[in-house]
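We count ligands from 1, going down the list as the structure has it; atoms in each ligand are counted the same way.
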Amino acid sequence: MQNRGIPGAILFDVDGTLAETEEAHRRAFNQAFQDFDLPWSWSSELYGRLLAVTGGKERISHFIAAYGANPVLDGATIADLHRHKTSLYEREVFEGGLVLRDGVERLIRSAADAGVQVGVATTTTKANVDALLTATLGAAWERMVPVVAAGDMVKAKKPAPDIYELALARLDCAGEEVVAIEDSRNGLLSAVGAGVRVLVTPSSYTAGEDFIQAVAVVDRLGDPGVPSRVLSGPPLLEDFVDLAYLGAVLGAGERGSAA
Ligand code: XBP
Ligand code: MG
């Protein structure tokens with residue numbers, strides 16, 4: 001492993017980690033159901049349970065199978081419905097309803113300045129990543145976040161390791177130099193399965209989940225004047241998560257895996 005005290009790359013999860021997006025997803029699902037004349041409406045309480053299944057198409061299939069929802073839709077109709085949901089979500093995001101969580105933009109910009117590669121590893125579609133990052137970082141986001149592993153680029157979504165394995169293959173550094181930033185247990189297990197160490201920033205839907213496999217859990221990445229609080233893991237070096245802290249996460253993970 002390189003020894004400069006900072007990671008070689010950072011892989012961000014998208015939904016819940018870059019921004020609190022799940023309510024916008026839920027609204028888009030419900031609007032799509034209405035537009036397709038389906039008698040379904042997901043409350044936030046039900047949606048919290050459905051989030052156990054990652055990926056929108058997979059979530060709809062699970063809803064039909066596990067809740068006996070009618071009508072039973074075939075795969076092609078679910079794909080159409082989900083395409084419509086994606087366009088509704090994109091429209092809402094482009095209209096500017098979402099902001100990045102504290103510290104996300106600062107970390108992305110400081111990584112770019114320090115030559116640390118940045119990517120995303122997500123179960124949502126590439127179109128949704130594009131909408132969110134264009135709306136928040138501007139059209140040049142792909143220069144700051146050049147690696148995108150998303151949605152159906154792999155067969156098995158989180159908690160399977162596939163999406164992190166794909167992202168790792170697109171980085172030019174070894175998995176042990178990479179820190180993943182995740183908000184959910186499914187995402188944590190996916191990254192750990194690919195051999196990547198994880199910092200968790202729980203989000204509104206995932207706050208009660210078990211993050212025992214994470215090297216560190218902080219309530220937020222924080223910013224100057226917006227302090228972060230460590231819930232488990234190494235103590236912060238500043239009031240917020242910076243590249244040196246992510247380096248400490250790698251170091252602590254190394255000791256943990258050697259133990
Ligand atoms: C979270 C998800 C996604 C979104 C919906 O993804 O599970 O399925 O809820 O997005 P992550 P799609 O935390 O990995 O970013 O409808 O586009 O699948
Ligand atoms: Mg997430």
Side-chain angles (χ1 to χ4, degrees), residues 10-33 36 40 42 44 46-63 73 75 78-93 98 100-101 104 119-133 136 145 147-167 180-194 196 198-211 214 217 220-221:
I10 306 171
L11 288 175
F12 285 91
D13 166 55
V14 174
D15 294 306
T17 299
L18 293 182
E20 288 278 10
T21 52
E22 289 298 356
E23 280 301 285
H25 281 295
R26 186 173 72 87
R27 278 193 292 277
F29 280 113
N30 284 336
Q31 185 60 52
F33 298 156
F36 273 56
W40 306 336
W42 289 349
S44 36
L46 172 59
Y47 194 64
R49 284 184 273 135
L50 294 174
L51 280 174
V53 175
T54 63
K57 293 189 289 291
E58 293 80 355
R59 191 167 301 144
I60 294 166
S61 299
H62 166 75
F63 174 64
L73 305 180
I78 291 176
D80 276 351
L81 174 64
H82 186 255
R83 248 189 306 279
H84 182 53
K85 176 259 165 183
T86 298
S87 67
L88 293 168
Y89 175 84
E90 274 180 88
R91 194 183 315 156
E92 173 163 347
V93 172
L98 292 172
L100 295 177
R101 289 185 67 185
V104 168
V120 297
T122 175
T123 63
T124 201
T125 55
K126 166 87 171 26
N128 291 347
V129 176
D130 187 26
L132 179 66
L133 291 181
T136 52
V145 186
V147 170
V148 176
D152 294 331
M153 289 178 192
V154 293
K155 251 204 175 112
K157 293 185 177 165
K158 299 174 185 177
D162 306 35
I163 200 74
Y164 273 95
E165 286 167 357
L166 177 68
I181 304 183
E182 272 285 353
D183 73 306
S184 72
R185 176 160 182 77
N186 277 331
L188 166 64
L189 295 178
S190 173
V192 167
V196 175
V198 184
L199 167 80
V200 171
T201 52
S203 59
S204 57
Y205 271 111
T206 64
E209 295 184 354
D210 177 0
F211 300 122
V217 183
R220 59 191 345 149
L221 296 175

Asker: Does an N or O from His82, backbone or side chain, lie closer than 3.5 Å to an N or O of ligand 1?
Answerer: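 Yes, at least one N or O pair falls under 3.5 Å.
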Asker: Could a heavy atom of Tyr47 be found less than 4.0 Å from some atom of ligand 1?
Answerer: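 Heavy atoms of Tyr47 do come under 4.0 Å of ligand 1.
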Asker: Can you tell me how far apart OG1 (Thr54) and CZ (Arg59) are? Round to the nearest 0.5 Å.
Answerer: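 If we round to the nearest 0.5 Å, Thr54:OG1 and Arg59:CZ are 7.0 Å apart.
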Asker: Short of 2.8 Å from the Mg ion (ligand 2), name each protein N/O/S atom, waters not counted.
Answerer: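 Checking every protein N, O and S atom gives Asp13 OD2, Asp15 O, Asp183 OD1.
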Asker: Nearest heavy atom to atom 10 (O) of ligand 1: which of Thr124, Thr123, Asn128 does it belong to?
Answerer: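 Of the listed residues, Thr124 has the closest heavy atom.
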Asker: How about CZ on Arg49, more than 12 heavy atoms from neighbouring residues, nucleotides or ligands closer than 6.0 Å, or not?
Answerer: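 Enclosed: over 12 neighbouring heavy atoms sit under 6.0 Å from CZ of Arg49.
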Asker: Are any of the N/O atoms on Val53, whether in the backbone or the side chain, positioned under 3.5 angstrom from an N/O atom of ligand 1?
Answerer: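 Between Val53 and ligand 1 (N or O atoms, distance only) the closest approach is not under 3.5 Å.
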Asker: Answer with side chain, backbone, both or neither: which part of Glu22 has a heavy atom less than 4.0 angstrom from an atom of ligand 1?
Answerer: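 Under 4.0 Å from ligand 1, Glu22 contributes side-chain atoms alone.
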Asker: Checking contacts here: is it the side chain or the backbone of Val14 that comes within 4.0 Å of ligand 1, counting heavy atoms only? Could be both or neither.
Answerer: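 Contact part for Val14 vs ligand 1: both backbone and side chain.
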Asker: Give a yes/no on ligand 1: does Gly16 have at least one heavy atom closer than 4.0 angstrom to it?
Answerer: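 It does not, in that no heavy atom of Gly16 comes within the 4.0 Å cut-off of ligand 1.
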Asker: Looking at ligand 1, is there an atom of it that comes within less than 4.0 Å of some heavy atom belonging to Thr125?
Answerer: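 Within the 4.0 Å threshold, so yes.
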Asker: Relative to ligand 1, is Tyr89 under 4.0 angstrom through side chain, backbone, both or neither, heavy atoms considered?
Answerer: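 The answer is neither.
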Asker: With sequence neighbours excluded, what pairs up with Lys157 under the salt bridge (Lys or Arg N to Asp or Glu O under 4.0 Å) test?
Answerer: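 Here the qualifying residues are Glu58, Asp152.
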Asker: So which of Lys85, Lys158, Arg59 gets nearest to atom 16 (O) of ligand 1, if we judge by its closest heavy atom?
Answerer: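 When every heavy atom of Lys85, Lys158, Arg59 is considered, Lys85 comes closest to atom 16 (O) of ligand 1.
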